[in-house]
Amino acid sequence: MLRAMPAHRSSRWPLLLLLSAACSSAPPPVAKGPDPVPEDAAHWEVGEASSVHLPHVVKPLSYKLELAVDPRLPTFSGVTTISIEVREATDRVVLHGRDLAVESAELRREGETIKAGVHMRKAVGAVRDEEEMVLHLEQPAAPGRYELEIAYEAPFGTLLGLYRVDQAGESYAFTQLESTYARRMFPSFDEPRHKVPFEVELIVPTELAAFANTKEVRAEPEDGGKNTRHVFAKTEPLPTYLVAIAVGKLERVQGAAKPTSIGLVATPQAKADGAAALEAAQASLVELEKYFGQPYPYDKLDVVVFAAPQLSLFE
């Protein structure tokens, strides 16, 4: 889970992020699929959104997120693979995305590949921003299960989506996906009714640490050792807005280990602030378990603390 709580101290304030349920070279290019079907405005009809909800024709079952993240750069890249169920024959898939430069999109199952062209449209009630991604399939998809793979590049946000922060000469990347900002980080069915498991892999420069919702299961060298691929355990079913990552020169301090592993992930400048946050998290978790009458359902809870002077909440 991810929450933000300002605490004033001198001219700076720490932003506390909770990662729960289970981090000087640029990252290597993420593997891309084939080029998308050429966009032909005369052939494809984008249509207008007719509901505040996405069409019921396609349902997400799980996600795999592969993100190449270097917070010293202006952009990041990713490949999002979504296991989906197509409930009835369709020639399009509609999901969410914002400010994502899509490089390829395709559906796959049992050796069959269906390429897709990409158009953006406004959601119902939107004034100017296009946040619905319409994938036009080169041939209709029959009912059944598919893998939807989308490769893309996107800019870091400013305290929204996957955003970057500069502090004391270092750059960090954190997430704020609640309520509708996950679509800025990865193409998704960004509605809380869709709670499914996530698998996250982060490719970051080797000198940086990477954290996610769940515990890391392995780390592998990439690009001759210049980068490291951090692979995290699959999450329990989550809505898109509770996905969380942190990348940078961060350190993790272990707090209580049982029954839930609680840790402090902090920048060097924020460690003093983080000690109090870690103590509060441990005490709060005990009281929350009493209140709800059940144990915390995940195997870890990390409190992420950084100091950020003079930041504006909105772009």
Side-chain angles (χ1 to χ4, degrees), residues 2 33 36-37 39 44-65 67 78-109 114-152 154 157 160-162 175-200 235-244:
L2 185 154
V37 174
E39 297 184 356
W44 299 117
E45 292 292 337
V46 178
E48 294 184 357
S50 58
S51 171
V52 293
H53 298 295
L54 293 176
H56 75 285
V57 176
V58 176
K59 175 184 177 181
L61 304 175
S62 66
Y63 289 79
K64 179 180 178 180
L65 306 180
L67 299 172
V79 174
T80 293
T81 303
I82 312 174
S83 294
I84 62 173
E85 177 187 353
V86 176
R87 295 174 166 178
E88 58 187 69
T90 183
D91 64 353
R92 66 181 59 188
V93 175
V94 183
L95 64 165
H96 290 112
R98 178 173 172 178
D99 300 330
L100 307 180
V102 175
E103 299 182 14
S104 65
E106 62 184 29
L107 279 182
R108 296 193 302 265
R109 74 165 179 177
I114 304 176
K115 296 181 182 179
V118 181
H119 292 269
M120 298 300 298
R121 72 183 184 190
K122 295 178 181 178
V124 169
V127 176
R128 66 178 185 278
D129 297 317
E130 296 179 329
E131 298 194 3
E132 288 195 356
M133 180 183 294
V134 183
L135 305 182
H136 296 281
L137 307 178
E138 65 175 357
Q139 66 187 57
R145 294 194 175 191
Y146 294 82
E147 298 291 308
L148 170 60
E149 181 182 281
I150 302 174
Y152 61 97
L160 298 175
L162 176 58
T175 46
Q176 172 56 53
L177 305 189
E178 190 176 7
S179 57
T180 61
Y181 306 131
R183 63 195 66 176
R184 297 177 180 226
M185 177 174 158
F186 57 95
S188 58
F189 297 82
D190 194 16
E191 297 177 344
R193 63 190 171 118
H194 297 302
K195 297 177 177 64
V196 300
F198 285 80
E199 293 180 82
V200 176
T235 73
E236 297 294 330
L238 296 175
T240 49
Y241 69 84
L242 289 186
V243 174

Among residues at least two apart in sequence or on other chains, which ones pass side chain to side chain contact (heavy atoms under 4.5 Å, CB included) with [X]?
X    : value
E199 : K64, K234
A126 : K122
A123 : E132

Under 4.5 Å between any side-chain heavy atoms of F189 and P60, yes or no?
yes

Less than 4.5 Å apart, any side-chain heavy atom of V243 and any of L65?
yes

For E131, the salt bridge (charged side-chain N to carboxylate O under 4.0 Å, His left out) test, sequence neighbours excluded, returns R98, R183

Please identify which of these residues, V93, D91, V58, meets the side-chain contact (heavy atoms from CB on, under 4.5 Å) condition with L135.
V93

Salt bridge E48-R121, side-chain N to carboxylate O under 4.0 Å
no

The criterion is side chain to side chain donor-acceptor pair (under 3.5 Å); which residues satisfy it with R145, sequence neighbours excluded?
none

Contacts of S188 meeting side chain to side chain donor-acceptor pair (under 3.5 Å) (sequence neighbours excluded), chain-then-number -> none

In Å and rounded to the nearest 0.5 Å, what is the CG to CG distance from L242 to L177?
8.5 Å

Just verifying a value: how many Å separate Y152 OH and E103 CD, rounded to the nearest 0.5 Å?
11.0 Å

Flag, side chain of Q176 to backbone of E178, donor-acceptor distance under 3.5 Å:
yes

Please check this pair: side chain of S51 against backbone of H53, looking for a donor-acceptor N/O pair closer than 3.5 Å.
yes

Considering non-hydrogen atoms only, spot the tightest contact between R184 and L100 and give its length.
O-CD2, 3.5 Å

Side-chain H-bond candidate by donor/acceptor type, T180 with D190, under 3.5 Å:
no

Could you tabulate the donor-acceptor pairs under 3.5 Å formed by side-chain atoms of residues 81-88, not counting sequence neighbours?
residue, atom, partner, partner atom, Å
S83, OG, S62, OG, 3.4
S83, OG, E147, OE1, 3.3
S83, OG, E147, OE2, 2.6
R87, NH1, H56, O, 3.4

F198: ring-ring contact (aromatic ring centres under 6.0 Å, His included) partners, not counting sequence neighbours:
Y63

